[in-house]
Amino acid sequence: MAQAARFRRALIAALLLAALGGPGAGFSALPLRAQEGRPPVFGPQEVLPLFFHSLREGDLLLLRDGSVVSGRIPAEAFTLETAEGPRTVAREDVVALVLARPDEEGAEDRLHTWEGERLAGRLQRDLTVEVVLDRRVPLDPARVKAVLLQTDLIDPRRRPNPAVFRQLFGLFSDLLASVTKFDLLVFPNRWVASVALENRGELAFTLESPIFGTFTFGASQIAAVIFGRGENDPDVLMLQNGDRVSGRVTGRSDLSGTVAGFPELAFAFPKDALREELSRIVLKMPVRLFGGGGRPVGPREDD
C-alpha cells in the first residue's frame, strides 16, 4: 500500500509538471509502465489534462462519493467567518474551497488562495452551483467535498505559490481516483461529469474505418471514445489493450444515466447524436493503472 501511494504521488507530480508545461502537454508523454514493443495504454497521463482543461472553462466539484462534475459558482467573492472575524476574498484570488462535513463536530471549512494562504472558518452557506446539463444545485457540504475554482493553470502569468500544490495534493489525487470509480463524460465546452450509466453492460460502439472495415466493440474493450471536432474529422476508439483506431464511431444504443453524486440529474443522449452532445467518453479505468497492484499494465500476451 505504501509503495502504491508513493507511485501515485510521483505520478501526479509528474503529470502536474507536464500539464503546466503548456497546452496539450501530458497527452503523449509519460508512458505508464509500458514495456518495449507494446502499444501505449490509455491511463492517468491521458486523463488528468482533461480536468486541467475543464478548469479553464469552469469550476470543478469534487463530491464525497468520489465523483467529479464541472460547474460554476456565480459569486464574485467568498466570505469566511474566521476566529478573527469575517474575511472576504475575491474569487480571482481563490484556488479552492474545502468544505467540512456537516456531521463532523468542530470541523472548519478551508479557503486556499493563489498566494498559498490557507484560511479556516465557516463559509457562507447560501451558495448555489450551475452544473452540467444546465442545472442548478446547492453547494451542499453533505455532498460536496471541495471545489477547485476556474483558472488557467497553464498560463505562465498565473503560476501559484508552490505551497498551493502541497496543500491541495489530495484533491488532485481524488481527480484521478474518480475515473477508477465512475465513467466520465467530456462535453464540447470541456466541462466534465462522472456518471452512472444505466445500460453500461450492453453499451457498444461501431467503428467504420476506411482501412479496417466495420467493427463493433463492447464497453469492456474500450478505454475511451474521442469524437472528431469537425464533421469530417475522424473519431478515435482507444481500446483497453492499447490500440487506437480511427474512423466514424456510432453508438449501438442511446447513452442514458445520471450524474454521479446527483441522481436527480438524469440524461439521455440519442445514439445518433453522441458526437454532437459529447467530446469524449472515458470508461472506468482499472485501479492497477494507478499503481494499486495487480498485473503489470499492458495488453495480455494473447491479445
Q.
For a 4.5 angstrom cut-off between non-hydrogen side-chain atoms, does Phe205 reach Thr216?
A. no

Q. Going by atom types only, do Thr128 and Arg136 share a side-chain donor-acceptor pair under 3.5 Å?
A. yes

Q. Step by step, would you call Leu123 with Leu99 a side chain to side chain contact (heavy atoms under 4.5 Å, CB included)?
A. CA-CA 8 Å; Leu123 188 71; Leu99 308 182; 3.8 Å; yes

Q. Is a side-chain donor or acceptor of Trp191 paired with a backbone partner of Val186 at a separation under 3.5 angstrom?
A. no

Q) To the nearest 0.5 Å, what is the distance between CG (Leu48) and OG (Ser173)? A) 10.0 Å

Q. Looking at side-chain heavy atoms only, is the closest gap between Met285 and Val47 below 4.5 Å?
A. yes

Q. What distance do Arg87 atom CZ and Leu119 atom CG have between them, rounded to the nearest 0.5 Å?
A. 5.0 Å

Q | For Ser54 against Ser70, the heavy-atom pair lying closest together | A | CB-OG, 4.0 Å

Q.
Measuring only between side-chain heavy atoms, which start at C-beta, is Leu184 closer than 4.5 Å to Val195?
A. no

Q. In terms of side-chain geometry, is the basic nitrogen of Asp140 or Arg64 positioned less than 4.0 Å from the acidic oxygen of its partner?
A. no

Q) Heavy atoms, side chains only, cut-off 4.5 Å: are Pro141 and Arg101 in contact? A) no

Q. In Å and rounded to the nearest 0.5 Å, what is the CG to CG distance from Asp254 to Leu203?
A. 10.5 Å

Q: Might you point out which heavy atoms bring Leu148 and Ala96 nearest each other, and give the distance in Å?
A: CD2-CB, 3.8 Å

Q. Side chains of Leu61 and Lys145: does their closest heavy-atom pair fall under 4.5 Å?
A. no

Q) Does Arg122 come within less than 4.0 Å of Glu81, counting only side-chain N to carboxylate O? A) no

**Q.** Asp235 side chain to Gly228 backbone, donor-acceptor under 3.5 Å
**A.** yes

Q. Hey, are Arg110 and Glu117 close enough for a salt bridge, meaning a charged N less than 4.0 Å from a carboxylate O?
A. no

Q) Does Glu264 CD have over 12 foreign heavy atoms under 6.0 Å away? A) yes

(Q) Contact between Val132 and Phe267 at the side-chain level, heavy atoms closer than 4.5 Å - yes or no? (A) no

(Q) How close do Ser194 and Phe182 get, counting heavy atoms only, and between which atoms? (A) CB-CB, 3.8 Å

**Q.** Distance in Å, Arg252 CZ paired with Thr250 OG1, rounded so as to fall on 0.5 Å steps
**A.** 8.0 Å

Q | From Leu175 atom CG to Leu55 atom CG, the distance as rounded to the nearest 0.5 Å | A | 7.5 Å

Q | Test item: Gln124 side-chain N/O and Leu80 main-chain N/O as donor-acceptor pair under 3.5 Å | A | no

(Q) Test side chain to side chain contact (heavy atoms under 4.5 Å, CB included) on Leu111 and Arg118; report intermediate values, then the result. (A) CA-CA 6 Å; Leu111 183 152; Arg118 178 171 53 186; over 6 Å; no

Q: Please check if atom CD in Glu115 has more than 12 non-hydrogen atoms from other residues, nucleotides or ligands closer than 6.0 Å.
A: no

Q) In Å and rounded to the nearest 0.5 Å, what is the CZ to CD distance from Phe227 to Glu277? A) 10.5 Å

Q.
Please determine whether side chain to side chain contact (heavy atoms under 4.5 Å, CB included) holds for the pair Val144 and Leu62, giving the CA-CA distance in whole Å, both sets of side-chain angles, and the decisive distance to 0.1 Å.
A. CA-CA 6 Å; Val144 181; Leu62 286 74; over 6 Å; no

(Q) Would the distance check show the side chain of Thr258 and the main-chain N or O of Ala260 forming a donor-acceptor pair, the cut-off being under 3.5 Å? (A) no

Q: Quick one: closest heavy-atom pair of Trp114 and Val164, and the distance?
A: O-CG2, 3.8 Å

Q: Identify the heavy atoms of Pro234 and Ser246 that sit nearest to each other, and give their distance.
A: CB-CB, 4.3 Å

Q. Between Thr206 and Thr214, is a side chain to side chain contact (heavy atoms under 4.5 Å, CB included) present by the stated rule, with each step listed?
A. CA-CA 7 Å; Thr206 294; Thr214 301; 3.5 Å; yes

(Q) For a salt bridge (Lys or Arg N to Asp or Glu O under 4.0 Å) check, start with the C-alpha distance between Arg91 and Asp59, then their side-chain angles and the critical distance, and finish with the verdict. (A) CA-CA 11 Å; Arg91 177 190 174 93; Asp59 305 328; 2.6 Å; yes

Q. Using the ring of each side chain (for Trp, its six-membered ring), is Phe187 parallel, tilted or perpendicular to Phe269, with breaks at 30° and 60°?
A. perpendicular

Q.
Would the distance check show the side chain of Asp93 and the main-chain N or O of Thr113 forming a donor-acceptor pair, the cut-off being under 3.5 Å?
A. no

**Q.** Worked check of salt bridge (Lys or Arg N to Asp or Glu O under 4.0 Å) between Glu202 and Lys271
**A.** CA-CA 13 Å; Glu202 296 77 37; Lys271 61 182 180 181; over 6 Å; no

Q. If every non-hydrogen atom of Leu255 is compared with every non-hydrogen atom of Ile281, which pair is closest and at what distance?
A. CD2-CD1, 3.9 Å

Q.
If only side-chain N and O atoms count, and only distance matters, is there a donor-acceptor pair under 3.5 Å linking Ser67 with Asp65?
A. yes

Q: May I ask you to test the Val98-His112 pair for a side-chain heavy-atom distance under 4.5 Å?
A: yes

Q: For the residue pair Leu50 and Arg280, establish whether any side-chain heavy-atom pair is separated by less than 4.5 Å.
A: yes

Q.
Taking Gly218's backbone N and O only, do any of them form a donor-acceptor pair with Gln221's side chain (distance below 3.5 Å, no angle check)?
A. yes

Q) Among Asp233, Leu278, Val236, whose side chain to side chain contact (heavy atoms under 4.5 Å, CB included) with Ile226 holds? A) Val236

Q. Is there a donor-acceptor pair under 3.5 Å between the side chain of Gln150 and the backbone N or O of Arg56?
A. yes

